[in-house]
Amino acid sequence: MKLVASLTSPYARKIRVALAEKNLPFELEVDIPWLADTRVPSYNPLGKVPALVADDGELWFDSPVIAEYLDTLAGPLLLPADRAAALPVRQAEALADGITDAAVAAFLEGMRPAERQDPAAIERQLGKISRGLTALEARVAQRKGCAGEALSIADIAIGCTLGYLDLRFAHLGWRAAHPQLAAWAAGLLARPSFTTTAPPAA
Ligand SMILES: N[C@@H](CCC(=O)N[C@@H](CS)C(=O)NCC(=O)O)C(=O)O
């Protein structure tokens, strides 16, 4: 199978970590969807990474769907097979992905020429990040859908969100504001699946 990904995408990193944790072989095609010559739209009509080409030729996109597909293959399950048990994991994953969405939106707004930036739009996204991290910290403390004994897709999503904040928003100092989350994440981010997929320096 082939994964189409950029090396800085936190969503693509989710899948690279998941593939490593499941020990599934794959070919990595690096493609930056913002470049004029990108081939990403030929894999995903939405033009976003990650996209996965399965061995049977089926195309999968959106990281939660790809992760679910990987669970049909081999390796430790990232999502409980029982649908009710999977719900809190899905919720924690959505929370982490939502923080990533806000961070990406704030980063992109901040990349616009200064005179075209909307400071209120950036503040709005920063509010989502701050509230989201508080909610994540509570979930980790309660082991609600994440931070359990087995690594889940929610744990992976949280790690990738925090890694993206380190990459683009280190100045926000999320560790100082959320020490319990930081203490738990230290072990997570030290796993080989995370250290080998760390984004290149910004
Ligand atoms: N919900 C999607 C988000 C994917 C996404 O937004 N990827 C970004 C890279 S970080 C992208 O490809 N953006 C290109 C674009 O929006 O045109 C997922 O979880 O896979």
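The shown structure was predicted, so the numbers you read here are calculated from the model rather than taken from an experiment. All values below were derived from every heavy atom in this structure, side-chain atoms included, with hydrogens, water molecules and symmetry-related copies excluded. Whatever order the structure lists them in is the order used to number ligands and atoms, beginning at 1.
Other residues sharing a hydrophobic cluster with F26 under the 4.5 Å side-chain heavy-atom criterion for ILVMFWY residues are M1, L3, L7, I15, L19, L24, L28, V30, L52, W60, V65, I66, Y69, L70, L73.
With atom 2 (C) of ligand 1 as the reference point, the heavy atom nearest to it among D62, I15, V40 is part of D62.
Residue contacts with ligand 1, taken as heavy atom pairs separated by less than 4.0 Å, involve W34 solely via side-chain atoms from C-beta onward. The parts of S63 lying near ligand 1 are both backbone and side chain, judged by heavy-atom distances below 4.0 Å. Contacts of P64 with ligand 1, taken as heavy-atom pairs under 4.0 Å, involve the side chain alone.
Look at A12 and you'll find every heavy atom at least 4.0 Å from all atoms of ligand 1.
Remark: minimum distance from atom 9 (C) of ligand 1 to any protein heavy atom is reached at S9 OG, 3.7 Å. When only non-hydrogen protein atoms are considered, atom 12 (O) of ligand 1 lies nearest to V49 N, 2.9 Å.
More than 12 heavy atoms of other residues, nucleotides or ligands shown are found within 6.0 angstrom of CG on D118. The environment of L108 atom CG is dense: over 12 non-hydrogen atoms of other residues, nucleotides or ligands sit within 6.0 angstrom. In E115, the CD atom is crowded: over 12 heavy atoms of neighbouring residues, nucleotides or ligands sit closer than 6.0 Å.
Checked for salt-bridge contact, K48 and D62 miss the test: no charged N lies under 4.0 Å from a carboxylate O.
Interface atoms of ligand 1 facing P50, defined by a heavy-atom separation under 4.0 Å, are 20 (O).
Of the candidates V40, V4, N44, F61 forms a side chain to side chain contact (heavy atoms under 4.5 Å, CB included) with just one, namely N44.
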